[in-house]
Amino acid sequence: MSTKRWGAAAVAAAAALSLFVGCGGTTDPGPSDEAWTPSGPVRLIIPYAAGGATDTIGRLVADHMSRTLGKPIIVDNVTGSNGTVGTLEAFNSPADGLTILLASGSIQVLIPQTTDIGFDPFEMVFIGSTHESVAGRLVMASSPWQTIEDLVAYGTTPGNPTLMDVTSGGFGVPDIATAMFNKAVGGNLNYRTLPTDGGAEQVTQLLSGNGHMANSSAGAIIEYIKSGEVRPLMIESASWPLLEEMNIPKSIDKYGYKVMNPASMMAPPNLPENIRKAYEDALKLALEEPELQEKFIATNELVRYLNGADARAYAKQGFDDYTPILAEFDMLLKK
Amino acid sequence: METLEYVLMGFATALQPGNLVYALVGCILGQIIGILPGLGPIAGMSVLLPLTFYLDPTGAIIMLAAIYYGSIYGGTISAVLIGVPGEGSSAITAIDGFQMAKQGRGGSALGIAAIGSFAGGLFGTVLLICAATPLAKVALSFGPPEMFALLIFGLSLLVGIGGRSVLVGVVSGLFGLLLILPGADLFTGQLRFTFNFLPLYSGLDFVPVVMGVFGVGEILRHAHAKPSQMVASGKGLRMRDMVRLQDLKDTWATIVRGGLIGVFTGIIPGIGTVTPTIMSYSMEQKMSKTPERFGKGAIQGVAGPETGNNAFANSAFVPMFTLGIPGSPTLAVLMGAFMLQGLTPGPRLMAEKPEMVWGIIVSMIIGNFIMLILNLPLVRIWVKITAVPYNILFPTVLALTMIGSYSVRHNMFDVVSLLIFGVFGYIAKELDFPVVPIILTLILGPMIEKSLRQSIALTGDGSALFRGPISITFLALAMLILTSPIWLGLVKKVFGKKTSIDKAIKVVGTDGE
């Protein structure tokens, strides 16, 4: 497979060379001024199973970008280890513009510090950012906690039973969120973690009363928020339009922290700048297309465009914010 | 009344054109798998598992379920016509069915088998419908400790009576647990047992392991055994030979008894599809006024077991849908298909996705009608399938398993593990080492680990495991089963003779699928 791609790249390079030779004598065209287009079909690796929010957004964007760039962009779901397997596959691909990646938060902000994955995702070239996951603190509607203050008062009063915090398994963004929440309220929140497979199981553990609170993204829980079975107490991401309409307060206003879980489009290290720029422009066009924006609403994610430099800076900020928390939990990789 | 509403909801799902097509395709594929000697339901289903990634969850499960009960129908045809059962549950049918075919009454045998299978399938599905609603109501009272106790109980049933002995079964089950160790830890996300080998970061995938052990392993075994192939003739297989009033008069009571046996054995996990056929056959022989005719072409010897195995196949869905315990390895593969779609069968799924679960249940009723229609007029077409030569069949299936393994995660490692587990499955079967517990722990293991660790997390010390009557009861029952070799020995000493339990274990022990 990869030899084939190398072959294709070589042919493309030879063709490019002959073009240069052909127009020899003119002034230096400056390769970065040329609008680059792919020489063949592009592979967009999405390191998660088909059907999730990142996959849905990725496919919509890929379709639009392929029209801009003039070559098909084929989505390839290379799954495994929370995005690590697919990201590594992209990392190791040739930097010829024929392989790109759309990865969401963990592999950028969380996994590099905690797991020996053998490569640094920040060495990759950032094309831009498509969206960020929403997150909120939720309790069961039949619980006694009407506001976030109620929950904090209960959790910090000595002698009360331990709050079970339902997470989505592993040590992920929800665990970090609760740790930041605890820190913000003085560090004496009496809680313990109940990991689940995420999604539907997270909801069940809340509804059955085995769990008491959860930090969750939209996904499976949104229907329960709408039906009134689950009560949101606080928005923990930068925003969450649905919850804002319900006048739910934000953690950044109340306690000065927020959860960062951005999805970035990236390419293998050392991707030439003209190729990166071509993708960045195509991504911007796709994300600003009104027809697509309507479709994004159904994903319940915060879809917005960030250019490559901003996407990298935002992910790096998440990485830097989370690192001391991971250290407190003794989760950092031992070198 | 609530049940009726759910059934109507199920019809709304099952009668969608797409889902009807999935049921039809599943029935046809199942028929073919059942007819082909050497390709049983479990091998057939595991080979076709990757196909379902590309379908919507409901359609995928409808199709796999149809493959399952379709193959049990199909097994009858080769059992009757060439005396070689397509899969284990038709072995008993072959005794009298093949004799009938030799006497030119093959059509009669297949006709009554089709009618009995239809009746049995309906019995089983009706039981599933009746049991589902009350059991689904307790869904939310099953927290992590209750789930853990239930899983341990189910596993002890499956391991305890599923093989040569409890000890060998436990060893095999523990091996299955070893296979789920590699991957990311549920609590910390840290990698364990991955040996810095990237493909192991997300653990061994269940599909190549199951396809290897049951698909490739089975093929290797048959290729090795060089079985003789017989081609059936289409004689005496006209419609009027198949549906005869006299046959129905002779067998209606047999069909009712066979159905009851099948239904009640089906709800007990781990009994295996052969058991109800043996029970029905020996019961009919005992009740018959002419027991000497059994073995020489008695129509009751076909009608009873065939009704029994289909009633079993359909009622075996009861423990899976209501409790999340697969009653047989074939259903464990089906449960794996649910999980590949991100769904865990059990009380919670019934409560959360009733339209899906009831759609699948109702599709089984429709599927049984489809099977009846396919079976009676099309028998002459099915006969031709028995003539597919192994040197075409086996390489084709092998190629399909390899493509299937790759398609799961787009990873060559999975193809390599398919082949490794294929060789392992072959060796294990040659050595008579039970492989079924491996598959069961492979599928149930991650759930057991999760519910155990969640239970411990609930109170921090594990006391939540014993927090209520549900978990305590199931754990106690599991202990009772796992210690059965000890107290069964004592029982034997006290009563001196071989007990019927002893016999039952022997019977079950011969059953692979």
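Protein chains get the first letters and strands the later ones, always in sequence-line order, with residue 1 at the start of each.
With a threshold of 4.5 angstrom between heavy atoms, M331(A) approaches chain B through its backbone and through its side chain. Residue contact with chain B, scored on non-hydrogen atoms closer than 4.5 Å, involves the backbone and the side chain of T196(A) alike. Residue T162(A): no heavy atom, backbone or side chain, is found under 4.5 Å from chain B. Proximity to chain B (any heavy atom under 4.5 Å) is restricted, for L88(A), to the side chain, taken from C-beta onward.
Of the listed residues (G118(A), P195(A), G172(A), P161(A)), the one with the most heavy-atom contacts under 4.5 Å to chain B is P195(A). Ranked by heavy-atom pairs under 4.5 Å with chain B, the list T84(A), D116(A), D175(A) is led by D116(A).
For M9(B), the CE atom sits in a packed shell: over 12 heavy atoms of surrounding residues, nucleotides or ligands are nearer than 6.0 Å. F193(B) CZ: 12 or fewer foreign heavy atoms inside a 6.0 Å radius.
One finds the CZ atom of R467(B) at 4.5 Å from the CG atom of N210(A) (value rounded to the nearest 0.5 Å).
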